[in-house]
Amino acid sequence: MEKVIIIGSGPAGYTAALYSARANLSPLLFEGELSKDILPGGQLMTTTEVENYPGFPEGVTGPEMMELFKKQAERFGARIESKTITSVDFSKRPFTLVSGKETFQAKSIIIATGATAKYLGLPSEETYMNRGVSACATCDGALPRFRNKPLVVVGGGDTAMEEAIFLTNYASKVHIVHRRDKFRASKIMADRAIANPKIVCEWNSTVDEVLGDEKLGVTGVRLKDVNTGVTRDIECTGYFSAIGHKPNTDLFKGVLDMDETGYLVTKPGSTYTNIDGVFAAGDVQDRVYRQAITAAGSGCMAAIDCTRWLEANEHE
Ligand code: FAD
Ligand code: NDP
């Protein structure tokens, strides 16, 4: 039986692994197996430069940073396995985790399953998925179909700004479609996007439909003015969804307390969930800050909370 199992391999999971390894808990971390929904290394694997993580004055790419996180956790004895947890039983201790046909038991659990990119839910997004529809400019932006062509990014947060700015390296023009008249993004990112000569802001607009055909994939989008309801089509060869993320908590439905949007609820100032011995860290329990540094910080908190909880419950 494991002392602690960590689920998730973003900044929160690796930091929890680093701290719990240094506390001699010999943690086992499941990083997830690459699939449509799972990205080992987490959200930063989809980004280029991370400029705001302290300690990297010249910046660092997301994948490079996650490789460093992983190495540092392994250096102190964290064991990392490429498995996705498919179900959990937290009704009794030791806790049970299932990955396919394998079962694992642990005295304590740290959940760091993060969040996943959202789409608008249009059938046309599905139709043209990977044929012009994407949620990752870093992964797909350099593809020939996007070069020197107009592209569309939907959303008004930091992700939308970052995706749009990145895409200007390839595109002839990038339309940012936002449903309000002000971006949610941090001022520095919004100002950078607005000042970019290749970026056009389509304010107060939503995407009604992604347009395309069988042969070419995406050829445009139909925009709808939220005030007048008037629609118009704009040409593009790519449509990038950047409207935020859904916490990866389906596994824990009916088991752990969640808020109305599915984020795990932790006790204020700690990483304790409603089940004793189960802790949550990172974006999976943070709808406010959702940054690498805050995820790493709460991973550290979870490892410390968990270590102390294990010490207090040694008799079990
Ligand atoms: P995540 O990074 O989401 O990692 C969750 C992990 O859990 C993944 O490894 C996944 O594979 C795994 N997982 C999920 N379910 C399971 C399961 N059932 N079994 C096993 N494993 C599972 N923040 C910044 O501070 N600076 C930036 O510049 C920045 N840029 C960003 C750019 C983009 C495009 C995006 C999307 C986000 C960016 N962020 C940035 C936010 C930052 O990436 C997140 O706040 C951070 O990654 C959250 O870390 P996390 O460990 O909580 O979760
Ligand atoms: P956010 O939740 O911050 O923003 C989502 C955006 O999409 C909002 O503008 C929202 O509109 C819009 N939106 C949501 N749903 C819909 C919908 N159904 N139709 C149309 N528009 C919709 O998510 P992000 O992914 O941008 O950012 C998440 C976190 O990651 C943030 O904390 C951010 O700071 C961080 N991050 C940091 C980066 C950096 O520092 N460089 C880079 C990328 C992300 P509305 O505003 O009207 O709600």
Side-chain angles (χ1 to χ4, degrees), residues 5-16 29-35 37-54 56 59-62 65-66 69-70 81-88 97-99 111-122 135-139 153-163 165-166 176-186 188-190 192 204-207 226 240-245 247-252 261 280-296 298-299 302:
I5 288 181
I6 298 160
I7 317 174
S9 54
Y14 283 142
T15 306
L29 180 148
F30 291 113
E31 66 177 1
E33 198 181 353
L34 184 65
S35 70
D37 301 318
I38 297 281
L39 184 56
Q43 293 168 63
L44 287 180
M45 299 302 282
T46 67
T47 196
T48 43
E49 286 296 304
V50 178
E51 294 177 338
N52 52 10
Y53 199 91
F56 296 95
V60 58
T61 70
M65 188 163 106
M66 295 324 297
F69 269 57
K70 184 176 182 174
E81 291 198 20
S82 300
K83 292 191 170 82
T84 298
I85 297 304
T86 47
S87 70
V88 300
L97 300 182
V98 177
S99 174
I111 297 167
T113 48
T116 304
K118 285 199 286 198
Y119 289 88
L120 292 175
L122 303 169
C136 179
T138 316
C139 320
V153 172
V154 62
D158 279 325
T159 300
M161 302 304 112
E162 197 174 69
E163 301 271 278
I165 293 166
F166 179 74
I176 303 182
V177 179
H178 185 39
R179 60 186 176 183
R180 295 190 288 132
D181 60 1
K182 190 174 184 304
F183 286 136
R184 173 181 298 277
S186 55
I188 186 169
M189 295 290 284
R192 224 182 264 176
N204 297 309
S205 302
T206 53
V207 173
V226 294
F240 290 80
S241 179
I243 60 165
H245 293 80
N248 298 322
T249 53
D250 288 353
L251 264 182
F252 313 112
T261 42
D283 283 16
V284 74
Q285 52 83 59
D286 175 12
R287 59 179 303 161
V288 180
Y289 302 107
R290 294 181 296 181
Q291 296 294 303
I293 185 72
T294 48
S298 74

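Hydrogens, waters and symmetry mates play no part in the numbers below; they use all other heavy atoms, side chains included. Along the sequence shown, residues are numbered consecutively beginning with 1. When a ligand or atom number is given, it counts from 1 through the structure's own listing order.
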query: Which option, Arg290, Arg179, Glu162, Lys182, owns the non-hydrogen atom nearest atom 22 (C) of ligand 2?
result: Arg179
field: Phe252: ring-ring contact (aromatic ring centres under 6.0 Å, His included) partners, not counting sequence neighbours
entry: none
- prompt: Protein residues near ligand 1, heavy-atom distance below 4.0 Å?
  reply: Ile7, Gly8, Ser9, Gly10, Pro11, Ala12, Phe30, Glu31, Gly32, Ile38, Leu39, Pro40, Gly41, Gly42, Gln43, Leu44, Thr46, Thr47, Val50, Asn52, Lys83, Thr84, Ile85, Ala112, Thr113, Gly114, Ala115, Glu162, His245, Leu251, Gly282, Asp283, Arg290, Gln291, Ala292, Ala295
- prompt: Considering only protein heavy atoms, which is closest to atom 24 (P) of ligand 2, and at what distance to one decimal place?
  reply: Thr159 OG1, 3.2 Å
- line: Out of Lys118, His245, Gln291, Arg184, the nearest non-hydrogen contact to atom 33 (C) of ligand 2 is supplied by Gln291
task: Would you mind running through ligand 2 and noting each atom that sits below 4.0 Å from a heavy atom of Gly155?
output: 7 (O)
task: Run the contact test for Phe183 against ligand 2 with a 4.0 Å cut-off on heavy atoms, strictly below, and give the result.
output: no
- prompt: Taking the six-membered ring for Trp, is the centroid-to-centroid distance between Tyr53 and Phe69 below 6.0 Å?
  reply: yes
- prompt: Could an N or O of ligand 2 be found under 3.5 Å from any N or O of Val154, whether backbone or side chain?
  reply: no
- request: Ignoring hydrogens, just give me the one of Gly121, Gly244, Ser205, Ala135 whose non-hydrogen atom is nearest atom 23 (O) of ligand 2.
  value: Gly244
- request: Check whether any heavy atom of His178 sits under 4.0 Å from an atom of ligand 2.
  value: yes
- prompt: Short list, please: which atoms of ligand 2 are under 4.0 Å from a heavy atom of Asn52?
  reply: 39 (C), 40 (O)
- request: Could you walk me through whether Ser82 and Glu31 pass side-chain hydrogen bond (donor to acceptor under 3.5 Å, both in side chains), step by step?
  value: CA-CA 5 Å; Ser82 300; Glu31 66 177 1; 2.7 Å; yes
- request: Below 4.0 angstrom from a heavy atom of Leu120, which ligand 2 atoms are there? Numbered from 1 as shown, please.
  value: 17 (C), 18 (N), 19 (N), 20 (C)
